[in-house]
Each structure stands twice: as structure tokens, then as C-alpha cells.
Amino acid sequence: LTNTSISDAQEMETIWTILPAIILILIALPSLRILYLTDEINDPSFTIKSIGHQWYWTYEYTDYGGLIFNSYMLPPLFLEPGDLRLLDVDNRVVLPVEAPVRMMITSQDVLHSWTVPSLGLKTDAIPGRLNQTTFTATRPGVYYGQCSEICGANHSFMPIVLELIP
Amino acid sequence: MAEDMETKLKNYKTAPFDSRFPNQNQTRNCWQNYLDFHRCQKAMTAKGGDISVCEWYQRVYQSLCPTSWVTDWDEQRAEGTFPGKI
């Protein structure tokens, strides 16, 4: 009762290692190409810069001049009836609907992430790097998001609010 | 060409798509336009030409680059510590 007939299968082991590796490479290469193709070319109407800080966002509208403002979460004591706790901010990002917008996202200190889930947006804010995301909102309204990369004590308290106006 | 540039500047909405930088990372796009503007400005000033032709690059980098980056780079140029070649 020995295992002489089942202990040595070098050829089969080589084949069933190499063949799946080749199959995976054949799957991965087109998949990566498609991933980059999903980053569509669009013709934005305007560009807004979003800069993450500990613990607030700065928005810059500099296409036609210099509108720059900070967006801090509304502290609970300053909430009006109807405001959303931990979500509402003092200055919202106001945008028009149906206009392709390019957001350039970066950070001034540590990693943050600019997110608006209801518009399918999440882009990391990395110091020294300028990340681009583009979107066209079709419905007016107020859209909320929260910082999505751990960035210190008040990471949960630096929300993002977009106000889309027709 | 100058007339085209004037029309282009007049119709400027925002920095257009640049096929040299097609992906998410636009750091180089901002940097390149900043460099191009200052190089153009330096070259035009040296030749005694019209620096308004460089305005396109300025509009683009102002649209793309965070103002803190531009301020830092301007200070570095004034101090002579700017890492780019102008």
C-alpha cells in the first residue's frame, strides 16, 4: 500500500499551472483595455477643482475668474430643522444640470476621497496628484456624499454636497 | 492664426480634452501648461513679440491647476528654486 502511481505527476502539474496562467492573461489584457476605454472623452462645459483638507473641502471655480470657497460640515448646534446631521454643509457646490462637468480632485495634506454615490462618483484626493472625473447630471436636486478615505479624527465630518440647479 | 487664437480665447469655456493626457491623472497636464505659458512668455519677451499669444496656456493652467500649486510655483520661480526648466 504505497502511493508510487500517484506521487509523481510533474508534466500534468506543469500543464495545469501554465495553462490557467495563460488563460488568465488572455482574460486580463482585454479587460484592462476596456477599463481604460470606459474613461470616456467628453467635452466639459467647465472645470471645478476640489481640494481636500483636514477636515473640509475647498472648491475653486477658476475658468472665468476666481471663485474659491471652503465647505465645512454644519455642526449639530447650527442645524436648522430639516437639515441633515453630518451631511449638510455651509457652502454647497452649485452646478447646472445637463452640463458636462470636469472635477479635478486633489488634497493639500493627507489622502481623502471625494464621493457622491448617487451620481456614481468616487475619486481619491491624493496630495501632489490631480485626479480628473467627469459627469453630467440630468436631474436637479441636492446630492450628498462623504469623504471616503480615512484622513484623521474628523474623517466622518467632512461631507460633500452638490446642488444641481436647472 | 492670430485671429484663430483670438476666436479660440473668446470662445474659451474651459480647458479642452488634451489627447496627450487622456487618463485620470491630469497632474502633468496642469504642469505642462504652466511651463508652456512661462516658456512662451519668456520667449516672446526676449524676441519683443506679442505675449498675448501665450494667453491660451495661461487660461488652461488656471482652469486645471489648484491655486495653491500656482502660488507655490510662482514663489519658487521668484526665488529661483523652481524645478522646471523655463
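Below, chain A is the first sequence line, B the second, and so on; all start at residue 1. Please read all numbers here as calculations on a predicted model, not as lab measurements.
For A:I23, the CD1 atom sits in a packed shell: over 12 heavy atoms of surrounding residues, nucleotides or ligands are nearer than 6.0 Å. The local environment of CZ in A:F69 is crowded, with over 12 non-hydrogen atoms from other residues, nucleotides or ligands closer than 6.0 Å.
Of the atoms belonging to A:I48, not a single heavy atom falls under 4.5 Å from chain B. Both the backbone and the side chain of B:P66 come within contact range of chain A, with heavy atoms under 4.5 Å apart.
Both A:F135 and A:Y143 are members of a single hydrophobic cluster when ILVMFWY side chains are connected at heavy-atom separations under 4.5 Å. No path of Ile, Leu, Val, Met, Phe, Trp and Tyr side chains, each step under 4.5 Å between heavy atoms, connects A:V94 with A:V142, placing them in separate hydrophobic clusters. A:F46 and A:M103 fall within a single hydrophobic cluster, where Ile, Leu, Val, Met, Phe, Trp and Tyr side chains are chained together by heavy-atom contacts under 4.5 Å. Under the 4.5 Å side-chain contact rule for hydrophobic residues, A:F157 and A:V89 do not share a cluster. Under the 4.5 Å side-chain heavy-atom criterion for grouping Ile, Leu, Val, Met, Phe, Trp and Tyr, A:V93 is connected to A:V116 within one hydrophobic cluster.
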Present all donor-acceptor pairs from chain A to chain B with distances below 3.5 Å, rounded to 0.1 Å.
unit_1	atom_1	unit_2	atom_2	d
A:T47	N	B:T14	OG1	3.4
A:T47	OG1	B:T14	OG1	2.4
A:K49	NZ	B:Q62	O	2.8
A:K49	NZ	B:C65	O	2.7
A:E60	OE1	B:T67	N	3.1
A:E60	OE1	B:T67	OG1	3.4
A:E60	OE2	B:T67	OG1	2.7
A:T62	OG1	B:Q62	O	2.7
A:D63	O	B:R59	NH2	3.4
A:D63	OD1	B:T14	OG1	3.0
A:D63	OD1	B:S63	OG	2.5
A:D63	OD2	B:T14	OG1	3.3
A:Y64	OH	B:K13	O	2.9
A:R102	NH1	B:A15	O	2.7
A:R102	NH2	B:A15	O	2.8
A:Q108	OE1	B:S68	OG	3.3
A:L130	N	B:T27	OG1	2.9
A:L130	O	B:Q26	N	2.7
A:Q132	N	B:Q24	O	2.9

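Among all heavy-atom pairs drawn from A:P44 and B:A15, the shortest one is CG-O, 4.3 Å.
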